[in-house]
Amino acid sequence: MVNVPPLRFDRGARRIALWGLTTISTVALLFSYKTSTSSSTASEAAPSATGTTTGTTTTTGATATPVAPASKANSSTYTGTVTGTSADTRWGPVQVRVSVASGRITAVDVVAEPDGNGRDREINAQAVPTLVSETLQAQSAQIDMVSGATYTSEGYVASLQSALDQAGLA
Amino acid sequence: MTIPTAPTRRVEHVMGLPISLALRGRNAEGPAADIAWRAVLYSLRAADHVFSTYRADSVVSRLNRGEIALDDAPTEVHEVLAIAERARRATDGAFSVWRDGTLDPSGVVKGWAVQRASAALRDLPDTDVCLAAGGDLVAWSAHEPWRIGIEDPRDPTGLIATVPVTDGAVASSGTAHRGTHLVDARTGAAPAGIAGVTVLAASLTDADVDATAAYALGPDALTWLRRRVGRTGLVVWADGTTATF
């Protein structure tokens, strides 16, 4: 009924879309839900997929910001944002928001992603910073490079990074 | 596991930022490294020519003067604006590259530009790379992880934390070196209660945007960061307390 235009996913959304292949997909749920809202009143909650969410919506009536122009006119003129209820996955709660302009999905945003305590943290296996005060090394911790609030070339001379570079260049 | 020798270091200043490169391994020195380093600097200067708000002849400056339309801007401008738009939506507007109709993409460009520039170093065989630009960095290693120090935003002469990085990016946001100028775009006011944010992610594009966006969120930074997939890091509050995520 409605041609779905190209969607913009951030990394998180792509991951979640992939999860949808094996788990309940909130994203897919909202796509089908969106189809129904675009042709009927926006306050109807009518998810039909095998979802664990009820697809309760919040219709703000605010104008969605289109990230891609609609390629052609659509019979539906629904404009606004629809937020799905939080869906529990085995990685944690997932919640997405769909922006619709003139009956077309213009954006899908993940408004809640699983926190880092579950399986996702394992998959990413990314290190968490260790506070210096928690170690015995204090300020003498051996380091290769420094991350800090953006400093300019003017501030560089006074920075720790400068000291490191000089040590290596000497 | 062998203990890597001390890295070879190179420093140049581009875009008003110190660019530091540390290399370890077979191609840490020599013509291949020199060529890759020049390619990195060229890529960063090219980004500066397009995005700088300080250069009158940059694409961004010409956009802001209305001399060219957004539709006529190069692809990379649209790429950066798309990243900014995702961050704006993800923060409910706290992060924005637009202020009073003027485009200032600095909050996105640095991470994006350094991530892009680092591609030139991927071709160096058997070489560990750590590329830093003004406090943000991209690093990878086939040996021991790079040991990254995180500056204390309340006392930039000291470190507040360390983190090993085998393959990824680290970005920090705060006011330590530039004074208060990052604002919550919804209010125009400096975020309250927060001293600094450090974010680790697979790409510096993501780490930089998330660090800047989280900082703009002020007291909500930690809650927001914990919902982001594929990120770890550190939040330092104004009172000196800290939280990792």
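Proteins get letters first, then strands, A, B, ... in listed order; numbering begins at 1 in each.
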Quiz prompt | B:D167: partners by side chain to side chain donor-acceptor pair (under 3.5 Å), with sequence neighbours left out | solution =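 B:D167 satisfies side chain to side chain donor-acceptor pair (under 3.5 Å) with no other residue.
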
Quiz prompt | Pairing residues for A:D144 by the side chain to side chain donor-acceptor pair (under 3.5 Å) criterion, not counting sequence neighbours | solution =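 So A:D144 forms a side chain to side chain donor-acceptor pair (under 3.5 Å) with B:R147.
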
Quiz item: Would you call A:V132 and B:T162 a side-chain contact if the rule is heavy atoms closer than 4.5 Å?
Solution: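 In contact.
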
Quiz prompt | Heavy-atom pair with the smallest gap, counting every atom of B:P164 and A:A127 | solution =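 Answer, listing the atom of B:P164 first, then A:A127: O-CB, 3.4 Å.
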
Quiz item: For the residue pair A:S147 and B:A171, what are the closest heavy atoms and their distance?
Solution: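 That closest heavy-atom pairing would be OG-C, 3.9 Å.
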
Exercise. Can you spot which of B:I148, B:I150, B:V170 makes a side-chain contact (heavy atoms from CB on, under 4.5 Å) with A:P129?
Key: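 It is B:I150, the one option of B:I148, B:I150, B:V170 that forms the side-chain contact (heavy atoms from CB on, under 4.5 Å) with A:P129.
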
Quiz item: Can you tell me how far the CG atom of B:L21 sits from the CE atom of A:M145, to the nearest 0.5 Å?
Solution: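 Output value for this atom pair is 6.5 Å.
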
Practice problem: Check each atom of B:S20 against the heavy atoms of chain A and say whether the ones under 4.5 Å are side chain, backbone, both or neither. | Solution: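 Answer is both: backbone and side chain atoms of B:S20 are under 4.5 Å from chain A.
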
Quiz item: Where on B:L200 is there a heavy atom nearer than 4.5 Å to chain A: the side chain, the backbone, both, or neither?
Solution: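 Contact with chain A involves both backbone and side-chain atoms of B:L200.
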
